[in-house]
Amino acid sequence: SASAGFGKTTLVSEWIAGCGRPVAWLSLDEGDNDLSRFLTYLVASLQTLPPKTGDANIGKGVLGMLQSPLPPPIETILTTLLNEITTLPDNFIFVLDDYHIVDATAVDDALAFLIEHLPPQMHLVIATREDPHLPLAQLRVRDQLTELRAADLRFTPEEAAEFLNQVMGLNLSEENISALEARTEGWIAGLQLAALSMQGREDIASFIQ
């Protein structure tokens with residue numbers, strides 16, 4: 001959880017690329033405030049898991065329930081989905097990206113129900129700009145939650161130096177790097193914008209000041 005430009009999606013992408021587990025990824029948008037649509041896309045994401053781990057038919061019954069003129073209670077639908085996930089043979093990761101876009105109590109409640117009954121082989125990752133309306137305190141007490149926030153995502157002075165001088169090809173002094181790191185508070189988007197603005201300038205020190 002951190003503001004825009006802290007590299008949340010990049011971090012998760014890099015992490016899952018090297019974690020060795022299958023991944024289902026759902027990037028959310030405004031339309032996902034509708035519970036039926038949210039669950040439909042959640043099921044569709046589960047169906048993208050590789051054959052060894054997943055099942056291309058997983059959630060088909062759930063989709064049928066959601067499309068019914070008189071769908072059963074939401075807990076019945078979610079329990080059916082959870083039971084199907086429990087049958088999957090391997091551990092996998094499910095990523096919900098941009099969860100801050102969700103502003104619907106029904107979606108929050110459905111996700112809270114899924115988390116409360118999460119099958120052991122499913123590991124949930126949520127990337128968001130603000131804390132979701134989920135029972136976070138309860139999860140902390142149970143030691144079922146790992147949190148990464150802005151303080152964890154900020155670039156250290158050493159990381160800022162490597163980014164500015166090696167990645168962006170600048171030749172900045174330690175003093176200039178410290179000034180930029182302090183000014184941006186390690187915000188990677190800010191460091192990148194500053195670096196782009198400095199390219200081609202002769203008096204970089206004055207520009208930084």
Side-chain angles (χ1 to χ4, degrees), residues 1 8-9 11-29 31-128 130-149:
S1 178
K8 301 180 294 297
T9 300
L11 175 63
V12 175
S13 299
E14 290 290 325
W15 174 67
I16 63 175
C19 74
R21 290 186 181 182
V23 177
W25 186 296
L26 176 57
S27 295
L28 299 168
D29 60 33
D32 294 311
N33 281 291
D34 177 79
L35 179 57
S36 179
R37 172 170 163 160
F38 172 79
L39 292 175
T40 297
Y41 281 114
L42 189 150
V43 169
S45 299
L46 287 172
Q47 291 175 346
T48 67
L49 287 167
K52 182 182 176 183
T53 300
D55 178 355
N57 293 315
I58 191 170
K60 281 196 171 181
V62 170
L63 295 178
M65 293 181 196
L66 291 171
Q67 295 163 5
S68 170
L70 292 172
I74 189 62
E75 288 194 3
T76 300
I77 296 175
L78 295 174
T79 300
T80 300
L81 179 59
L82 286 164
N83 288 339
E84 292 192 35
I85 294 172
T86 302
T87 66
L88 298 179
D90 296 325
N91 292 333
F92 69 95
I93 297 163
F94 193 95
V95 179
L96 286 173
D97 196 15
D98 290 332
Y99 194 78
H100 56 274
I101 292 175
V102 171
D103 186 25
T105 301
V107 175
D108 290 331
D109 291 347
L111 185 59
F113 184 89
L114 289 172
I115 292 172
E116 178 67 22
H117 303 89
L118 203 67
Q121 62 265 61
M122 182 174 175
H123 184 85
L124 180 65
V125 177
I126 300 175
T128 179
E130 57 189 38
D131 281 6
H133 298 292
L134 298 170
L136 300 182
Q138 187 179 67
L139 293 169
R140 289 188 193 106
V141 169
R142 295 177 179 174
D143 195 25
Q144 295 176 330
L145 177 67
T146 298
E147 298 175 84
L148 294 174
R149 298 183 174 277

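In summary, the side chains of Y99 and D108 do present a donor paired with an acceptor at a separation below 3.5 Å, with no hydrogens or angles considered.
Between atom OG of residue S36 and atom CD1 of residue I77 there is a gap of 7.5 Å, rounded to the nearest 0.5 Å. With rounding to the nearest 0.5 angstrom, the CD1 atom of I93 is 6.0 Å from the CZ atom of R21. Distance check: Q138 CD to L145 CG gives 11.5 Å after rounding to the nearest 0.5 Å. Atom CE of residue M122 and atom CG of residue L82 lie 8.0 Å apart, to the nearest 0.5 angstrom. Atom CD1 of I74 is separated from atom CG of D109 by 10.0 Å, given to the nearest 0.5 angstrom. One distance of note links CG of L28 with CG of D97; it measures 7.5 Å at 0.5 Å rounding.
Residues L39 and L78 are in side-chain contact: their nearest non-hydrogen atoms beyond the backbone lie under 4.5 Å apart. For the pair L46 and L81, the minimum side-chain heavy-atom distance is below 4.5 Å. Within the 4.5 Å cutoff, the side chain of V107 has no heavy atoms near those of the D32 side chain. Side chains of L66 and V43 form no contact here, defined as non-hydrogen atoms less than 4.5 Å apart. Looking at D55 and T87, their side chains never come closer than 4.5 Å, going by heavy atoms from C-beta outward. Put simply, the side chain of E84 does not reach to within 4.5 Å of the side chain of K60, judged on heavy atoms. In this structure, L134 and I126 have side chains that are in contact, with non-hydrogen atoms separated by less than 4.5 Å. Contact annotation: the side chain of I16 never approaches that of V125 to less than 4.5 Å [non-hydrogen atoms, C-beta and beyond].
In terms of heavy atoms, K8 sits closest to A127 at CB-CB, 4.5 Å. Between T80 and V62, the shortest heavy-atom distance links the atoms CG2-CG2, 4.1 Å. Residues P72 and M65 come closest through the heavy atom pair CG-SD, 3.8 Å. Pairing each heavy atom of P135 with each of A112, the nearest pair is CD-CB, 4.0 Å.
More than 12 heavy-atom neighbours from other residues, nucleotides or ligands sit within 6.0 angstrom of CG on N57. By the 6.0 Å contact criterion, CZ on F113 is enclosed, its count of non-hydrogen atoms from other residues, nucleotides or ligands being greater than 12.
Listed for the Q121 side chain is a donor-acceptor partner under 3.5 Å among the backbone atoms of I85. When atom types are taken as modelled, the side chain of D98 and the backbone of S27 share no donor-acceptor pair closer than 3.5 angstrom.
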**Item:** side chain to side chain contact (heavy atoms under 4.5 Å, CB included) assessment of I58 paired with L49
**Value:** CA-CA 10 Å; I58 191 170; L49 287 167; over 6 Å; no
**Request:** Give the C-alpha distance, both sets of side-chain angles, the deciding distance and a yes or no for side chain to side chain contact (heavy atoms under 4.5 Å, CB included) between L42 and F94.
**Result:** CA-CA 9 Å; L42 189 150; F94 193 95; 3.8 Å; yes
**Request:** Verify side chain to side chain contact (heavy atoms under 4.5 Å, CB included) between H123 and N91, making sure each step is shown before the conclusion.
**Result:** CA-CA 8 Å; H123 184 85; N91 292 333; over 6 Å; no
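Residues satisfying the ring pair (Phe, Tyr, Trp, His ring centres under 6.0 Å) test with H133, not counting sequence neighbours, are none.
D131 has a carboxylate O that lies under 4.0 Å from a charged side-chain N of R149, or vice versa, which qualifies the two as a salt bridge.
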